[in-house]
Number of protein chains: 2
Amino acid sequence: MPTLADVAREAGVSKATASRAMMRPDMVAAPTLERVREAAQRLGFQPNRAARALTTGRTGLLGLIVPTLANPFFSPLVLGAQQAAEDTDSHLLLGVSEYDPEREAVLAERLGEQADGLVLVAPVGDDRTLRALARRRPVVLVDRRVGRLPAVVLDTASGTAELVHHLARLGHRDIAYLSGPPGSWADRERRSAGEEAAAAHDGRLHVRGPLPPTYDAGVAAARDLPPAATAVVAYNSYLALGLLHGLGAAGLRVPEDLSLAAADDLTALGATDPPVTALDVPVAEAGALAVSRVLQAGTRPAATTRLATRLQPRGSTTRPGHPD
Amino acid sequence: MPTLADVAREAGVSKATASRAMMRPDMVAAPTLERVREAAQRLGFQPNRAARALTTGRTGLLGLIVPTLANPFFSPLVLGAQQAAEDTDSHLLLGVSEYDPEREAVLAERLGEQADGLVLVAPVGDDRTLRALARRRPVVLVDRRVGRLPAVVLDTASGTAELVHHLARLGHRDIAYLSGPPGSWADRERRSAGEEAAAAHDGRLHVRGPLPPTYDAGVAAARDLPPAATAVVAYNSYLALGLLHGLGAAGLRVPEDLSLAAADDLTALGATDPPVTALDVPVAEAGALAVSRVLQAGTRPAATTRLATRLQPRGSTTRPGHPD
DNA sequence: ATGAAAGCGCTAACAT
DNA sequence: ATGTTAGCGCTTTCAT
């Protein structure tokens, strides 16, 4: 591996100038710059990251901690994060906590020590722990808020309200909500936003659950829907998918007998029969934004950004009491 | 952040001794060791990885490149890799290629520059590119073989043969094989192993496909099964799941009318109705093994390890012409 | 605009 | 068993 010294010699300049040519090209005369670049090119020079880190204190690494990968939410998230990292010439250090707060804390500690910052996606640790973590290095939370820590939030709460508005506009007043996992922050947000929206239309949100956010739970839920409900909003895609299936098995037609919508769209709900009205959630953007935020830590004031979801009205929602 | 010099001073020894206490505790007298450890503890000393990397040439980083995360194969794989990395105090640098050979090569180049080695999972690049990559740094392949490059292979080929043997023992002679994605190395291996196994029983493997390895393709495939076949082996779980559903829709019962098996078990095939006979694939072990292998590069001779799958006979396979 | 030199924190000969 | 010393490759004052 050629070093900067090699490049400098090859270009007939000092190491300092060669270094400047890479870091601050504006401080170097055009012809010199050219010569250094050519030399670097010719030798296939790659700056040694460790050496750079030692002097600058920045490693170019970013810790990304997720609770799991076995969930379609995290794949686009990671992709978005990767893109943003690439754009700033950084790399992602991955940690999977498996929803274990202790493991999460250990990973954060270990990765954080070596990274320029940490992105914690839907962290399971308690507020105190997260605050302590954030004191030691730049941290950006995704899909979780803790005091005024910088965070990127997917606004599925407003989205759920939109879903309810959409149903209310169609004429629904009694709407069931299939609640997500117990203790889930996102679920609480969606539910209360939905309740508020329903109330605004003199309607009511009948909550069922909490339920595990799985296909099977959705299937089972089909047998226990609030009798009054003419429409259902499911906490997520899996639940909606299972419900759609369970409803079919029970002889109920969607949307003729019951309208159905989901508060995310992570499993191609547009391809079911009928296609299911859902919320398009900008997950990749959230990943990208979180990464670029944590990289700019210090530069910008900490803040929480809510990323809006987009309502995708599809065939599964229609007027109540819809004739065939 | 306290440095080694601080620890040394606190313990009343030289930096060298302090360093040895961490790296080679056996070279330090017990009481000294004790003092250094206490000092480090007291100060909350964390070795600076960059500095260490600069002297040793080892970063403690490992590149892990996968084609996607949106596939249940990669989640346990990454978990296994993470565990092995943790055990050796290394960290994982993640790269997702999205099945793009060029992107894969770029990621490998960029991550590899900074990592002690690279684990390429089911890489999509051509042999030449992979060979070139492996010349520049330690590389371990997972689920792909290229010449004599070190590799960890999940032996679903033998597993598929076992599946066919299992069916043949039950009396099946005409077995359909739902082939996976075109050009897939794994698919070719499974198919030809299955053909061989069928031939060994004077049976025949009727190949359908190539097919995209998706649920939908499985559903569709239900309408185009070889008429003679009394059993079907699907390339993977998704195809099997879709097929199961498609068969049900077509009024065919499993296993009464048709036996069904899958060459992996990534989607809880044991929980369907009926549960589907499948291959339990040790994916996490593969990830862990690949990581520990690449870390020992140089120490051990390069080799390919085949990890055996385990046949899980379940309710979906029975004798042909089985009376209700 | 460029160069000389110091130093980031650590490890590894080499002495003792 | 421990200390001394010389870098690893880079960035960054500080001079010029």
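Order of the sequence lines fixes the chain letters, A, B, ..., with proteins taken first and strands second; residue numbering starts at 1 for each chain. These numbers come from the heavy atoms of this one structure, side chains and all, not from hydrogens, waters or symmetry mates.
- With respect to R145(B) and D127(B), no salt bridge is recorded, no charged nitrogen being found less than 4.0 Å from a carboxylate O.
- To the nearest angstrom, C1' of dC10(D) lies 14 Å from CD of Q114(B).
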N/O donor-acceptor pairs under 3.5 Å from side chains in residues 102-113 of chain A, not counting sequence neighbours:
{"unit_1": "E104(A)", "atom_1": "OE1", "unit_2": "V124(A)", "atom_2": "N", "d": "2.8"}
{"unit_1": "E104(A)", "atom_1": "OE2", "unit_2": "V124(A)", "atom_2": "N", "d": "3.2"}
{"unit_1": "E104(A)", "atom_1": "OE2", "unit_2": "G125(A)", "atom_2": "N", "d": "2.8"}
{"unit_1": "E109(A)", "atom_1": "OE2", "unit_2": "R136(A)", "atom_2": "NE", "d": "3.3"}
{"unit_1": "E109(A)", "atom_1": "OE2", "unit_2": "R137(A)", "atom_2": "NH2", "d": "2.9"}
{"unit_1": "R110(A)", "atom_1": "NH1", "unit_2": "D89(B)", "atom_2": "OD1", "d": "3.4"}

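- Between the CG atom of D6(A) and the P atom of dC10(D) there is a distance of 9 Å, rounded to whole Å.
- Residue Q46(B) contributes atom CD, which lies 11 Å from atom P of dC10(C) at whole-angstrom precision.
- Atom CG in L54(A) sits roughly 5 Å away from atom C1' in dG9(C) (whole-Å rounding).
- Side-chain atoms of T309(B) and D155(B) form no donor-acceptor pair, as typed in the model, at a separation below 3.5 Å.
- Rounded to an integer number of Å, the gap from M1(B) CE to dC10(C) P is 11 Å.
- The nucleotide whose nearest atom lies closest to any side-chain atom of T56(A) is, among dT12(D), dG9(D), dG7(D), dT12(D).
- Residues of residues 14-37 of chain B having a heavy atom closer than 4.0 Å to DNA chain D, listed by number: S14(B), A16(B), T17(B), R20(B), M27(B), V28(B), A29(B), T32(B).
- Shown here for A288(A) and A84(A), the closest heavy-atom pair between the two residues is O-CB, 3.4 Å.
- In this structure, the side chains of F45(A) and E10(A) stay at 4.5 Å or more apart for every pair of heavy atoms.
- Remark: the R49(A) side chain and the T59(B) side chain contain no N/O donor-acceptor pair separated by less than 3.5 Å.
- Going from atom CZ of R52(B) over to atom C1' of dG9(D) covers 18 Å, rounded to whole Å.
- Atom CG in L4(B) sits roughly 13 Å away from atom P in dC8(C) (whole-Å rounding).
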